[in-house]
Engineer: 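One structure follows; several queries about it will come next.
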Amino acid sequence: MATFKLPCMLVIFLVLGVGLGQNMVPAMFIFGDSLIDNGNNNNLPSFAKANYFPYGIDFNGGPTGRFSNGYTMVDEIAEQLGLPLIPAYSEASGDQVLNAINYASAAAGILDVTGRNFVGRIPFDEQIRNFQNTLDQITDTLGADDVARQVLRSLFFVGMGSNDYLNNYLMPNYPTRNRYNGRQFADLLTQEYSRQLTKLYNLGARKFVIAGLGVMGCIPSILAQSPAGNCSDSVNKLVQPFNENVKAMLKNFNANQLSGAKFIFIDVAQMFREILTNSPAYGFSVINRGCCGIGRNRGQITCLPFQTPCPNREQYVFWDAFHPTEAVNVLMGRKAFNGDLSKVYPMNIEQLANLEMESN
C-alpha cells in the first residue's frame, strides 16, 4: 500500500485542529470492510472492488470504490460531525488529510486469512499498521505531544467482522467450520478484536465507535439461498454471539480496563431489524432484493459493471447482494449520531464527540 507525505503547513493545521469548517472533532479515523470502504481496494489485485458504474450512480463524482449507490454510513457521520468526506488511505493527498483517513478495505476481516477468495484486501491488522505509518509521518514533523493531544480528541470508527462470517466461516473452501462451533468462533474473533482495539488504544486512540454486525441472515445473498426467499435464522443466530461478546468486551474496556478511553457500541442489528419491520414508515417498499444484481432476490450475483440498477433506489433497503442503499446508510448514520440510547450505547456519537478526554 502506498504511503503519502504531508506538507508541513497541512500537518500543522491537522495538529492544531484547523479544518475546513466548524468540526466537532479534529478528525475521524475509519477502519472496516466493504460497508465503509471508499476506494482502498481500487488499485489492489482484488476481486472486491466497486470503482465502476453503477456503483456511485447517486454519488457526486460517480464511482469511487464505495459499495453503494451513494453515501456510506461513515460519510453521513462525517457530515454530521462537520467534517468533509474523508479520503481513502490509498488516495489521500494535500489538504484532504486535514480531516483524517479511511483505512477500510472490502473483503477485510478481523482474521488475516478472511477474504482470501477475493485475493487483495487489507485485513484489520494491516489497517492498524497503515494508521501507525500515518502517525509516524506526522510525529516526525511535529513531535509526539502535539500529535497525541489531537489523536486524543479524534474519533475512531471501527466496523469489522462481517467478512469473518460471510467470507470465512460460511465459505465451503475454508476449514473454519470444522475447527470451531459458532460460540468458539465468536470467542476467537473477540479475542483477536480485543487485541487489535487495544493496539489502537496504545497508539493514542481514546474515543471509539464500534459498529456491531447487522442482520446478516436477511441480506439478498443469503435470501437467494432459500427457495422461498426467507431470512436465514441459522445465520442470524450464528453471528449473535459475536455481537454479545463485543458488547461485553466494550463494557469491560469502559470499566477502566483501558483507562481514559470511552467505547460506544452501535447496535446495527437492532437498527436494521427496525428498518425491515417498519419499512413503510421509513419510505422503503422493497426489503428482500437488491437494487442491482442478478438471480433470485438479485442476490445470486452481485452488481456487475454497467448493469442497469433499479430506478427507484430510495425505496430499496439493499443496493446489491450484500450492501445497503445510500438511503439506509444515511438513516443509520443519523441514528448512530444523535439517536436514542437503545441502539447506540452508552452514548451516541454526538455525545462522544463532545466528551472531554483527559490524557493519562
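Values below: every heavy atom of this structure, side chains too, minus hydrogens, waters and symmetry copies. Residue numbers count from 1 along this sequence.
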Engineer: Could you walk me through whether Asp125 and Arg195 pass salt bridge (Lys or Arg N to Asp or Glu O under 4.0 Å), step by step?
Structural biologist: CA-CA 10 Å; Asp125 277 322; Arg195 175 187 61 78; 2.9 Å; yes
Engineer: If you define the side chain from C-beta out and look only at heavy atoms, does anything of Ile210 sit under 4.5 Å from Leu197?
Structural biologist: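 SC-SC contact between Ile210 and Leu197 confirmed.
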Engineer: Which one of Phe253, Phe157, Tyr193 satisfies the ring-ring contact (aromatic ring centres under 6.0 Å, His included) criterion with Phe263?
Structural biologist: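 Of the listed options, the one satisfying the test is Phe253.
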Engineer: Does Arg273 pair with Asp267 as a salt bridge, N-O distance under 4.0 Å?
Structural biologist: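 Not counted as a salt bridge, because no side-chain N and carboxylate O are separated by less than 4.0 Å.
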Engineer: When you compare the side chains of Asp75 and Thr72, does any donor N or O come within less than 3.5 Å of an acceptor on the partner?
Structural biologist: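 Present: a donor and an acceptor within the cut-off.
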Engineer: For the backbone of Asn167 and the side chain of Arg116, can you confirm whether one donor and one acceptor N or O come within less than 3.5 Å of each other?
Structural biologist: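 Pair absent, no side-chain N/O of Arg116 close to backbone of Asn167.
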Engineer: Short question: side chain of Asn102, backbone of Ile36 - any donor-acceptor pair under 3.5 Å?
Structural biologist: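 Confirmed, Asn102 side chain pairs with Ile36 backbone.
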Engineer: Report yes or no: do Leu170 and Phe47 belong to one cluster of Ile/Leu/Val/Met/Phe/Trp/Tyr joined by side chain heavy-atom distances under 4.5 Å?
Structural biologist: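 Leu170 and Phe47: separate clusters.
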Engineer: If you define the side chain from C-beta out and look only at heavy atoms, does anything of Phe124 sit under 4.5 Å from Leu200?
Structural biologist: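 The answer is yes; the side chains approach within 4.5 Å.
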Engineer: Taking all heavy atoms of Ala104 and all of Asp37, pick out the closest pair and write down the distance.
Structural biologist: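 Answer, listing the atom of Ala104 first, then Asp37: O-OD1, 3.2 Å.
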Engineer: Find out whether Arg177 and Phe185 are in side-chain contact, i.e. whether some heavy atom of one side chain is under 4.5 Å from a heavy atom of the other.
Structural biologist: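 They are not in contact (no side-chain heavy atoms under 4.5 Å apart), so the answer is no.
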Engineer: Checking Gln127 side chain against Gly32 main chain: does a donor-acceptor pair fall under 3.5 Å?
Structural biologist: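 Yes: the side chain of Gln127 pairs with the backbone of Gly32.
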Engineer: Would the Phe156 and Phe131 ring centres measure less than 6.0 Å apart?
Structural biologist: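 Yes, close enough.
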Engineer: Please name the pair of heavy atoms, one in Ala50 and one in Pro63, separated by the smallest distance, quoted to 0.1 Å.
Structural biologist: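 Between these two residues, the closest heavy atoms are O-CB, 4.3 Å.
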Engineer: Could you tell me if Asn163 and Thr114 have a donor-acceptor pair between their side chains, going purely by distance under 3.5 Å?
Structural biologist: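 Note: Thr114 and Asn163 side chains miss the donor-acceptor criterion.
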Engineer: Look at the SG atom of Cys218 and the SG atom of Cys231, then say if they are under 2.5 Å from each other.
Structural biologist: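 Bridged: Cys218 to Cys231.
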Engineer: Is any side-chain heavy atom of Lys343 closer than 4.5 Å to a side-chain heavy atom of Glu274?
Structural biologist: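 Contact flag for Lys343/Glu274 side chains = yes.
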Engineer: Please answer: with hydrophobic residues joined when any side-chain heavy atoms are less than 4.5 Å apart, are Ile266 and Ile219 in the same cluster?
Structural biologist: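 Yes, one cluster joins them.
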Engineer: Does the Arg289 side chain pair with the main chain of Ile287, one donor and one acceptor, at a distance under 3.5 Å?
Structural biologist: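 A pair under 3.5 Å: no.
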Engineer: Ignoring hydrogens, what is the shortest heavy-atom contact between Gln184 and Arg179? Give both atom names and the distance.
Structural biologist: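 Minimum heavy-atom separation between Gln184 and Arg179: OE1-O, 4.0 Å.
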Engineer: Atom CG of residue position Asn354 - does it have more than 12 heavy atoms of other residues, nucleotides or ligands inside 6.0 Å?
Structural biologist: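 Result for CG/Asn354: enclosed.
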Engineer: Do we see a donor-acceptor contact under 3.5 Å between the side chains of Asn117 and Tyr174?
Structural biologist: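 There is no such pair between these side chains.
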Engineer: Just verifying a value: how many Å separate Leu304 CG and Tyr55 OH, rounded to the nearest 0.5 Å?
Structural biologist: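 It comes to 8.5 Å.
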Engineer: For residues Ile86 and Ala78, report the shortest heavy-atom separation together with the two atoms involved.
Structural biologist: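 Shortest heavy-atom contact: CD1-CB, 4.2 Å.
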Engineer: NE2 of His323 to OG of Ser221: how many Å apart, nearest 0.5 Å?
Structural biologist: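 Rounded to the nearest 0.5 Å, the NE2-OG separation comes to 10.0 Å.
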Engineer: The test is side chain to side chain donor-acceptor pair (under 3.5 Å); show your working for Tyr180 and Asp187 and say whether it passes.
Structural biologist: CA-CA 10 Å; Tyr180 308 98; Asp187 291 345; over 6 Å; no
Engineer: Out of curiosity, does Ile301 fall in the hydrophobic cluster containing Leu166 (side-chain heavy atoms, cut-off under 4.5 Å, transitive links)?
Structural biologist: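 No: no chain of side-chain contacts under 4.5 Å links Leu166 to Ile301.
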Engineer: If we count only N and O atoms by modelled type, under 3.5 Å, do the side chains of Ser68 and Arg66 hold a donor and an acceptor together?
Structural biologist: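 Result is no, nothing qualifies.
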Engineer: Any side-chain donor-acceptor pair under 3.5 Å between Asn288 and Asn297?
Structural biologist: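 Result is no, nothing qualifies.
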Engineer: Only one of Leu341, Ile264, Asn338, Val344 forms a side chain to side chain contact (heavy atoms under 4.5 Å, CB included) with Gln351, so which one is it?
Structural biologist: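 Exactly one pass, corresponding to Leu341.
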Engineer: Start with the C-alpha gap between Lys262 and Met347, add the side-chain angles, then the distance that decides, and say whether side-chain contact (heavy atoms from CB on, under 4.5 Å) holds.
Structural biologist: CA-CA 10 Å; Lys262 179 61 71 174; Met347 62 181 65; 4.1 Å; yes
Engineer: Is Tyr316 reachable from Tyr282 through a run of I, L, V, M, F, W or Y residues, each pair having side-chain heavy atoms under 4.5 Å apart?
Structural biologist: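 Different clusters: Tyr282 never reaches Tyr316 through Ile, Leu, Val, Met, Phe, Trp or Tyr contacts under 4.5 Å.
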Engineer: Nearest 0.5 Å, what's the CD1-CD distance between Ile275 and Gln270?
Structural biologist: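 Atom-to-atom, Ile275:CD1 and Gln270:CD are 11.5 Å apart.
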Engineer: Can you find a heavy atom in the side chain of Leu203 that is under 4.5 Å from one in the side chain of Ile128?
Structural biologist: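 Result yes, sub-4.5 Å side-chain heavy-atom pair found.
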Engineer: Hey, do the aromatic rings of Phe67 and Trp319 have their centres closer than 6.0 Å?
Structural biologist: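 Between Trp319 and Phe67, which both carry aromatic rings, the centre distance is not below 6.0 Å.
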Engineer: Can you measure from CG (Asn252) to CE (Met249) and round to the nearest 0.5 angstrom?
Structural biologist: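 It is 9.0 Å, given to the nearest 0.5 Å.
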Engineer: Ignoring hydrogens and geometry, is there a side-chain-to-backbone donor-acceptor pair from Ser105 to Ala108 under 3.5 Å?
Structural biologist: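 Looks like no, no N/O pair under 3.5 Å.
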Engineer: Can you tell me if Glu326 uses its side chain to pair, donor with acceptor, with the backbone of Tyr71 under 3.5 Å?
Structural biologist: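 Looks like yes, one N/O pair under 3.5 Å.
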Engineer: Set out, in order, the CA-CA distance, both residues' side-chain angles and the distance that settles side-chain contact (heavy atoms from CB on, under 4.5 Å) for Leu155 and Lys207, then state yes or no.
Structural biologist: CA-CA 5 Å; Leu155 288 186; Lys207 295 184 177 184; 3.6 Å; yes
Engineer: Flag yes if Leu331 and Val286 sit in one hydrophobic cluster, no otherwise; membership is Ile, Leu, Val, Met, Phe, Trp, Tyr, and two members link when side-chain heavy atoms are under 4.5 Å apart.
Structural biologist: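 No: no chain of side-chain contacts under 4.5 Å links Leu331 to Val286.
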Engineer: Within the 4.5 Å heavy-atom criterion, are Thr176 and Leu111 side-chain neighbours or not?
Structural biologist: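 They are not in contact (no side-chain heavy atoms under 4.5 Å apart), so the answer is no.
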Engineer: What is the distance from atom CD1 of Ile77 to atom CD1 of Ile349, rounded to the nearest 0.5 Å?
Structural biologist: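 Reported value, rounded in 0.5 Å steps: 3.5 Å.
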Engineer: Does Ala186 offer a backbone N or O that forms a donor-acceptor pair with the side chain of Thr190 under 3.5 Å?
Structural biologist: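 Pair found, side chain donor or acceptor close to backbone of Ala186.
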Engineer: Return yes if a side-chain donor-acceptor contact under 3.5 Å exists between Glu91 and Asn42, otherwise no.
Structural biologist: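 Per modelled atom types, Glu91 and Asn42 side chains form a pair under 3.5 Å.
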Engineer: Assess, by modelled atom type and distance only, whether the side chains of Glu76 and Gln80 contain a donor and an acceptor separated by less than 3.5 Å.
Structural biologist: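 Result is yes, a qualifying pair exists.
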Engineer: Start with the C-alpha gap between Cys292 and Cys303, add the side-chain angles, then the distance that decides, and say whether disulfide bond (SG atoms under 2.5 Å apart) holds.
Structural biologist: CA-CA 5 Å; Cys292 185; Cys303 193; 2.0 Å; yes
Engineer: Is the terminal nitrogen or CZ of Arg298 (NZ for Lys, CZ for Arg) located under 6.0 angstrom from the six-membered ring centre of Phe318 and within 45° of that ring's axis?
Structural biologist: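 No, Arg298 does not lie over the aromatic ring of Phe318.
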Engineer: Under a 4.0 Å threshold between the charged nitrogen and the carboxylate oxygen, would Glu244 count as salt-bridged to Lys247?
Structural biologist: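 No, no charged N to carboxylate O under 4.0 Å.
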Engineer: Are Phe208 and Tyr201 an aromatic pair, judged by ring center distance below 6.0 Å?
Structural biologist: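 Centroid separation for Tyr201 and Phe208: 6.0 Å or greater.
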Engineer: When you measure from the side chain of Asn41 to the backbone of Ala48, do you find a donor-acceptor pair of N or O atoms at a distance under 3.5 Å?
Structural biologist: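 Checking the backbone N and O of Ala48 against the side chain of Asn41, a donor-acceptor pair under 3.5 Å is found.
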Engineer: Could you tell me the separation between the CE atom of Met271 and the OG atom of Ser342, rounded to the nearest 0.5 Å?
Structural biologist: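 So the gap between those two atoms works out to 8.5 Å.
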Engineer: Is there side-chain contact between Ile222 and Gln225, with at least one heavy-atom pair below 4.5 Å?
Structural biologist: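 Yes - at least one pair of side-chain heavy atoms lies under 4.5 Å apart.
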Engineer: Do Ile110 and Phe242 have side-chain heavy atoms sitting under 4.5 Å apart?
Structural biologist: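 With C-beta onward as the side chain, the pair touches.
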Engineer: Using atom types as modelled and distance alone, determine if a side-chain donor or acceptor of Asn348 lies under 3.5 Å from a backbone N or O of Gly339.
Structural biologist: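 Checking the backbone N and O of Gly339 against the side chain of Asn348, a donor-acceptor pair under 3.5 Å is found.
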Engineer: If you look at every heavy atom in Met216 and Asn236, which pair is closest and at what distance?
Structural biologist: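 Reported closest heavy-atom pair: N-OD1, 3.5 Å.
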Engineer: Keeping Arg121 on the side-chain end and Ala106 on the backbone end, is there a donor-acceptor pair under 3.5 Å?
Structural biologist: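 A pair under 3.5 Å: no.
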Engineer: Taking all heavy atoms of Val74 and all of Met28, pick out the closest pair and write down the distance.
Structural biologist: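 That closest heavy-atom pairing would be O-CE, 3.8 Å.
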Engineer: Atom CG of residue position Asn254 - does it have more than 12 heavy atoms of other residues, nucleotides or ligands inside 6.0 Å?
Structural biologist: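 Correct, the count exceeds 12.
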